[in-house]
Amino acid sequence: MLDGRFLAWRLFIRNVRSQYRQSVLGILWAFLPPLVTALVWVFLKQQSVFAVAETPVPYPVFVLTGTILWQVFLDGLNIPLRVFTQSKSMLTKINFPREALILASIYEVMFNLLVKFVLLIGIYAWFAVLPTVYVLFGILGVIMLALLGTSISLLLTPLALLYGDIKRAILISTQFLFFLTPIIYPVPKEGAAKILAQINPIAHLLTPSRDWLTTGDTLAVDTFMITSVFTLIALICGMILYRIALPHLVERMGS
Amino acid sequence: MIDNRNSTDALHEEQGSQDTLVKVNGISKKFCRSLKRSLWYGVKDVSSDLVGGRKHDELRKDEFWALRNVSFELKRGECLGLVGHNGAGKSTLLKMLNGLIKPDQGRIEMHGRIGALIELGTGFNPILSGRENIYNNAAVLGFSKEEVDAKFDEILEFSEIGEFIDSPVQNYSSGMKVRLGFAVASQLDPDVLIIDEVLAVGDVGFRSKCYERISELLNNCCVILVTHSMPQISKLCNRVILMRKGNIVEVGETGKIIEAYYELNDVVANQKIIFDKFIRFNSIQLEKNTLSSREEDFKIDLEVVSEINSNEIAIDLVFMNRELTPIAQINSKFLKQEISISQGLNRLSIIISELNLNVGLYKLSCNIFNTSTGQQLMWIQDIAEIKVTGDFVGHCPFLLQGTISEIDT
């Protein structure tokens with residue numbers, strides 16, 4: 001892993017620069033998706049198109065934090081797969097430390113995460129939300145969310161590099177998951193929605209992170225811990241799988 | 001199994017010419033013809049690797065041996081050429097040597113730092129500047145930041161890019177991209193250098209610079225070179241492996257193998273009519289298809305059907321090499337011979353008094369003109385193909401007759 005640090009850094013710089021160099025708004029594009037999504041929900045709620053249970057903080061803060069955290073998870077899920085796919089020709093032609101690609105994706109995920117923190121700080125200042133010392137746990141939670149995405153991504157990589165189906169499946173299932181995860185509404189107290197939230201690992205990380213970032217008080221510490229441990233285990237498994245699978249994938253990808 | 005990039009300095013100390021850097025022992029590789037099945041086998045292979053399951057030594061459905069039981073060794077200072085037709089398994093072998101894919105059977109042992117010139121400019125991003133791309137490309141090739149910083153000026157100078165270094169690479173000409181790619185790659189200081197036909201690009205001046213650089217590297221490493229160009233092989237290699245359908249056919253000294261390579265070729269002309277409005281091609285008869293490098297009075301009979309009568313005809317027969325570069329011609333106008341042609345079948349005899357072609361395959365094309373108007377009457381590409389064999393293999397298409405001797409003083 002250490003071998004490829006310079007390479008990973010260069011790849012990260014290359015990917016980020018090439019994304020933003022050919023655009024006028026540049027880095028603004030990192031802010032826009034969660035902001036726009038959240039504003040739509042705030043607007044719909046204001047118009048009473050739908051009703052949700054009372055939230056512990058003003059709804060705009062609640063939903064903005066939620067969508068930003070969701071975006072962090074999505075980045076963790078999508079960026080590694082994007083980096084691997086883009087590097088196909090490199091993988092089939094040059095023998096470089098393969099882990100550099102993982103590291104480069106993690107750098108990019110963390111970079112996007114930093115950008116989103118800037119956005120969050122702006123929002124909290126605007127709505128005069130005073131963070132507590134638990135914000136630090138919140139930051140840990142956000143990192144966990146990114147790593148959860150990354151580990152799912154790594155576990156799917158062998159299949160995703162071989163079959164195009166995986167990418168399409170991810171696209172569709174994340175759209176569903178957005179609504180099934182308590183992002184635009186608080187954790188349901190009863191019914192099927194409650195069960196769904198209970199078996200959804202994203203919810204176990206997202207809900208307490210949001211609580212920590214906003215009110216500083218959460219009820220779900222133990223499930224957060226368990227999910228975090230599982231996330232780390234999954235991450236390690238994902239890396240091992242990646243390492244073992246890659247020569248086979250390179251062989252099947254052709255040049 | 002493949003011992004890359006970790007034992008970088010292990011062998012640097014003993015710079016003896018006798019150390020074996022590459023040891024390939026009975027490696028085989030399977031490939032699958034059907035894509036769907038290949039992907040599925042990929043999934044299966046990954047899972048059996050995960051649980052440490054048994055390896056499939058036998059062929060599964062739709063599989064074939066892309067490489068079968070290949071062994072060789074290479075010492076420092078040696079340059080090994082790999083030749084063979086498309087699908088012979090050369091690139092597969094290179095990929096395994098480079099550690100990109102694993103052999104299904106056998107072992108590969110490599111010592112020292114491995115450098116591969118398989119594709120130039122990998123990792124280039126068109127939007128970014130040449131400067132940024134030098135860093136990216138170098139990082140992919142395994143340089144550290146300090147190494148690139150130290151070598152940056154040298155790379156820049158070698159590439160001849162000059163002031164354009166800060167422009168985006170998408171504005172570069174293809175030649176500039178290649179130069180930049182090679183400039184970075186040439187800074188590698190490998191123990192084992194793997195080259196796959198990259199030398200065939202760029203302009204002449206730059207190409208000679210590349211050769212120069214490779215010969216410099218040769219002093220300190222061993223080289224494995226894959227190319228279709230026999231002149232390149234004869235210029236650089238001291239040992240050649242001839243491959244066919246995944247097997248080694250013959251290993252040996254350069255001249256012998258190049259001859260064997262051409263023996264494997266069948267000479268089949270695949271005549272293409274480019275233009276035949278006034279004169280149509282009927283047949284061509286070569287005295288023989290396999291020539292030596294010292295051919296005398298080589299006879300060719302040509303039959304054409306004409307629709308016109310004319311006594312101002314010029315006939316031009318061109319010899320072209322594998323890359324379709326014209327290398328020699330016989331032309332009736334140059335020979336100051338007036339040819340006349342009449343309606344109906346015409347038989348023409350062409351005799352080349354001396355033909356000293358280098359060993360290789362050559363294609364012929366035929367042109368017929370009107371000498372006064374310059375109008376083209378017939379043009380047939382690939383009208384015939386010949387093979388030249390012999391014990392001397394040069395690296396120029398044409399050999400000159402003459403004498404070379406010492407002058408008594």
Side-chain angles (χ1 to χ4, degrees), chain A residues 2-23 83 86-98 100-101 103-104 155-166 237-238 240-255, chain B residues 1-2 4-6 29-32 35-36 38-50 66 91-92 95-102 104 114-116 118-120 122-129 132-133 135-148 168 170 194 196:
Chain A
L2 295 178
D3 265 4
R5 268 180 314 174
F6 173 54
L7 173 57
W9 181 252
R10 287 308 318 177
L11 291 175
F12 158 67
I13 297 278
R14 182 195 71 176
N15 293 344
V16 171
R17 275 195 190 154
S18 59
Q19 270 172 44
Y20 295 119
R21 188 158 296 178
Q22 219 174 18
S23 90
V83 169
Q86 278 177 351
S87 311
K88 264 190 181 178
S89 81
M90 236 168 84
L91 282 167
T92 53
K93 288 186 182 103
I94 309 267
N95 189 358
F96 57 90
R98 293 347 194 163
L101 291 182
L103 203 55
L155 290 171
L156 288 176
T157 298
L159 280 179
L161 284 184
L162 291 178
Y163 294 103
D165 310 50
I166 302 297
C237 292
I240 295 172
L241 177 66
Y242 173 86
R243 186 167 195 123
I244 292 178
L246 221 67
H248 293 288
L249 301 180
V250 167
E251 182 184 327
R252 306 287 166 183
M253 285 190 298
S255 44
Chain B
M1 191 171 292
I2 295 168
N4 274 344
R5 66 181 66 247
N6 34 19
K29 185 78 208 168
K30 296 179 284 189
F31 276 154
C32 183
L35 175 69
K36 279 262 159 66
S38 168
L39 298 178
W40 179 236
Y41 288 155
V43 175
K44 279 172 136 177
D45 288 348
V46 171
S47 11
S48 76
D49 242 19
L50 267 181
S91 300
T92 311
K95 279 189 178 173
M96 283 198 275
L97 290 171
N98 197 10
L100 296 172
I101 56 179
K102 287 185 193 160
D104 286 323
I114 294 156
I118 291 185
E119 198 188 61
L120 296 175
T122 325
F124 275 7
N125 185 302
I127 300 174
L128 301 182
S129 72
E132 287 165 306
N133 274 311
Y135 276 89
N136 296 340
N137 189 220
V140 175
L141 293 174
F143 291 100
S144 68
K145 183 172 188 319
E146 295 71 39
E147 279 177 297
V148 195
Q170 62 185 356
I194 299 171
D196 190 2

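Every chain is numbered from 1 and lettered A, B, ... according to where its sequence line falls, protein lines coming before strand lines. Atom set for the values below is all heavy atoms of this structure, side chains included, hydrogens, waters and symmetry mates excluded.
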Measuring only between side-chain heavy atoms, which start at C-beta, is [X] closer than 4.5 Å to [Y]?
X	Y	answer
B:Val140	A:Leu7	yes
B:Cys32	A:Arg252	yes
B:Asn125	A:Arg17	no
B:Tyr135	A:Arg14	no
B:Leu141	A:Ile94	yes

Handout entry: A:Ile13 portion near chain B, given a 4.5 angstrom heavy-atom threshold
Key =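 It is neither, since no heavy atom gets under 4.5 Å.
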
Handout entry: Which of B:Ser91, B:Ser144, B:Ala138, B:Ala116 touches chain A most, by non-hydrogen pairs under 4.5 Å
Key =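 Going by pairs under 4.5 Å, I would pick B:Ser144.
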
Closest heavy-atom pair and its distance - [X], [Y]:
X	Y	answer
A:Ala245	B:Val46	CB-CG1, 3.7 Å
A:Lys93	B:Asn98	O-ND2, 3.5 Å
A:Leu91	B:Leu100	O-CD2, 3.5 Å
B:Ser129	A:Arg21	N-NH1, 4.2 Å

[atom1]/[X] to [atom2]/[Y] distance, rounded to the nearest 0.5 angstrom?
X	Y	atom1	atom2	value
A:Asn95	B:Ile101	CG	CD1	11.5 Å
B:Leu39	A:Leu249	CG	CG	10.0 Å
B:Asn136	A:Asn15	CG	CG	9.0 Å
A:Arg10	B:Asn137	CZ	CG	11.0 Å
A:Glu251	B:Thr92	CD	OG1	9.5 Å

Problem - All side chain to side chain donor-acceptor pair (under 3.5 Å) counterparts of B:Gln170, not counting sequence neighbours - result: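 Result, side chain to side chain donor-acceptor pair (under 3.5 Å) vs B:Gln170: none returned.
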
Practice task
Give, as side chain, backbone, both or neither, the part of B:Lys44 having an atom under 4.5 angstrom from any heavy atom of chain A.
Solution key: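 Contact with chain A: none, neither part.
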
Practice task
Let me know if B:Phe31 has heavy atoms under 4.5 Å from chain A in its side chain, its backbone, both or neither.
Solution key: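 B:Phe31 touches chain A through side-chain heavy atoms alone.
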
Exercise for the section: Kindly determine whether A:Leu159 and B:Val43 satisfy side chain to side chain contact (heavy atoms under 4.5 Å, CB included), including the steps that lead there. Expected result: CA-CA 7 Å; A:Leu159 280 179; B:Val43 175; 3.9 Å; yes

Exercise for the section: Return the set of residues passing side-chain contact (heavy atoms from CB on, under 4.5 Å) with A:Ala8 (not counting sequence neighbours), or none when no residue passes. Expected result: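 In terms of side-chain contact (heavy atoms from CB on, under 4.5 Å), with neighbours along the sequence ignored, A:Ala8 is linked to A:Ala100, A:Leu103, A:Ala104, A:Tyr107.
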
